[in-house]
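For ligands, and for the atoms within them, numbers begin at 1 and follow the listed sequence.
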Amino acid sequence: MIEQISGLREDAEKEIRLAQNKSELNAVRVKYLGKAGLLTQVLRGMREVSPEMRPKIGALVNEVRDSLEALFKEEESKFENLEMQQELSKSAIDITEPSKNSQRGALHPLSRVYETLIDTCVGLGFQVVDGPEVELDYYNFEALNVPKNHPARDMQDTFFVSDNILLRSQTSSVQARIMQKLKPPFKIISPGRVYRNDSDSTHSPVFHQLEGLVIDENVSMADLKAMLTALMRKTFGEETQIRFRPSFFPFTEPSVEVDVTCPICHGSGCRICKGTGFMELLGAGIVNPKVLEMGGIDSKKYRGFAFGFGVDRVAMVKDGIGDIRSMFRNDIRFLKQMK
Ligand code: FA5
């Protein structure tokens, strides 16, 4: 019987090595180790073996089975590796094949302007702060020296949510909030969306402002003018024509509005600039002492200046955009032009 088992082992080993693929290998496994396999059949003949020989034969059968199993596994993994290699070589990437034309995105003109303005201001020592778009009437108007029912409210056609809540019409609302929070001296800017019931080529119902506020001792109109000139030159180039015009805001005294040469007609006068040759970009001024006091700041010790850029107008001037609304229509042809 021992010889018979050794013979089976040799035959099985030979057939395992001769198998050409996994299914042939499996057939060999079934032939020798399956339920009705040759090795199993040998065990059935154990009854005729003398009791002293039985443990020996049993141990031999187990050893043969284990060694054949190991051999099966070894061969099987060889076939698996081979299959994987074949699969990989089928899906190999041809790096010499020319690429398809891919579309490259670009920043929206507004994002570009925001980046330039914010970077310049941070370089000038300003801290960036945020404020809510849905705002209390108090911060948008009252704390800025515009009481309820005051005619100055007509300057901004505001969207009210309720009697005391509105969509902020200006980022100046952040001024009052920040005065309550920070101790002077401080320099902040606050970029963000604002809302007004306006719509024409230079007015959009949703637009963007960048508020600036500097509170310190001995702040003057000259500081404001120098700062704004530096900001405008950095944004539009050294040659830019800038015009400061006296104006009125209830929260600044004196107040100015600042214009640059119209980007469409370059100063000769057109429909976009309503024949003036200039486009208005921002309002600014020396903070009204009443506003400082309402914000809890000692107006005898501190003064301040503030400005509020119309960021969309800055983008219009920089990129020569004739209609502010084209920036919000998401027309891919317009966006491609602006790359
Ligand atoms: C204000 O909003 C003041 N808060 C600015 C200010 C800040 C003054 C700090 C003093 C101190 P005004 O309403 O003029 O001001 O708006 C400021 C700028 O926003 C304008 O110069 C213009 O560039 C832009 N702007 C105003 N309305 C619109 C609109 N509907 N669409 C697009 N841009 C607008």
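- Ligand 1 has a nitrogen or oxygen under 3.5 angstrom from a nitrogen or oxygen of Ser172.
- For the residues His208, Glu280, Arg325, the heavy atom positioned nearest atom 21 (O) of ligand 1 is part of Glu280.
- Those atoms of ligand 1 with a heavy atom of Ala306 less than 4.0 angstrom away are 9 (C), 11 (C).
- Ligand 1 is approached by Glu257 to a heavy-atom distance shorter than 4.0 Å.
- Relative ring orientation between Phe328 and His208 is described as parallel, the plane-to-plane angle staying below 30° on a 0-90° scale split at 30° and 60°.
- Using a 4.0 Å cut-off between heavy atoms, Arg196 contacts ligand 1 through its side chain alone, with no backbone atom that close.
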Query - Worked check of salt bridge (Lys or Arg N to Asp or Glu O under 4.0 Å) between Asp331 and Arg329 - result: CA-CA 5 Å; Asp331 183 336; Arg329 283 193 188 120; over 6 Å; no
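- Between Arg112 and Asp319 there is a salt bridge, since a side-chain N of the basic residue sits under 4.0 Å from a carboxylate O of the acidic one.
- Annotation for ligand 1: atoms under 4.0 Å from non-hydrogen atoms of Thr202 are 31 (N), 32 (C).
- One option in Gln209, Gln170, Met327 has a heavy atom closer to atom 16 (O) of ligand 1 than any other, and that option is Gln209.
- The heavy-atom pair separating Pro191 from Leu210 by the smallest distance is CB-CD1, 3.7 Å.
- Which parts of ligand 1 touch Gly283 is read off a 4.0 Å heavy-atom cut-off, strictly below it: atoms 5 (C), 6 (C), 7 (C), 8 (C), 10 (C).
- The CG atom of Asn81 sits 11.5 Å away from the CD atom of Glu76 when rounded to the nearest 0.5 Å.
- Side-chain atoms of Gln156 and Gln170 form a donor-acceptor pair, as typed in the model, at a separation below 3.5 Å.
- Judged by the 6.0 Å and 45° rule, Lys148 forms no cation-pi pair with Phe141.
- Only the side chain of Thr252 comes within 4.0 Å of ligand 1, judged by heavy-atom distances.
- For the atom pair Ile321 CD1 and Gln337 CD, the distance stands at 9.5 Å (nearest 0.5 Å).
- Within the structure, the closest approach of Val194 to ligand 1 does not fall below 4.0 Å when heavy atoms are considered.
- Residue contact check: Leu282 has heavy atoms under 4.0 Å from atoms 21 (O) of ligand 1.
- In the displayed structure, Asn218 atom CG is contacted under 6.0 Å by at most 12 heavy atoms of other residues, nucleotides or ligands.
- For the 3.5 Å distance criterion, the side chains of Ser172 and Glu211 qualify, holding a donor opposite an acceptor.
- Residue Glu217 places its CD atom among more than 12 non-hydrogen atoms of other residues, nucleotides or ligands, all under 6.0 Å distant.
- At least one heavy atom of Phe251 sits closer than 4.0 Å to an atom of ligand 1.
- Heavy-atom separations between Ser255 and ligand 1 are all 4.0 Å or longer.
- Considering backbone and side-chain N/O of Ser204, one or more are found under 3.5 Å from N/O of ligand 1.
- At least one N/O-N/O distance between Leu281 and ligand 1 falls below 3.5 Å.
- Looking at Thr171 against ligand 1, nothing comes within 4.0 Å, counting heavy atoms.
- Neither the backbone nor the side chain of Ser169 has any atom closer than 4.0 Å to an atom of ligand 1 (non-hydrogen atoms only).
- Counting heavy atoms of neighbouring residues, nucleotides and ligands inside a 6.0 Å radius, atom NZ of Lys187 exceeds 12 of them.
- Proximity of Glu211 to ligand 1, defined as any heavy-atom pair under 4.0 Å, is confined to the side chain (atoms from C-beta onward).
- Of the polar atoms of Gln175, none of the N or O atoms is found under 3.5 Å from an N or O of ligand 1, judged by distance alone.
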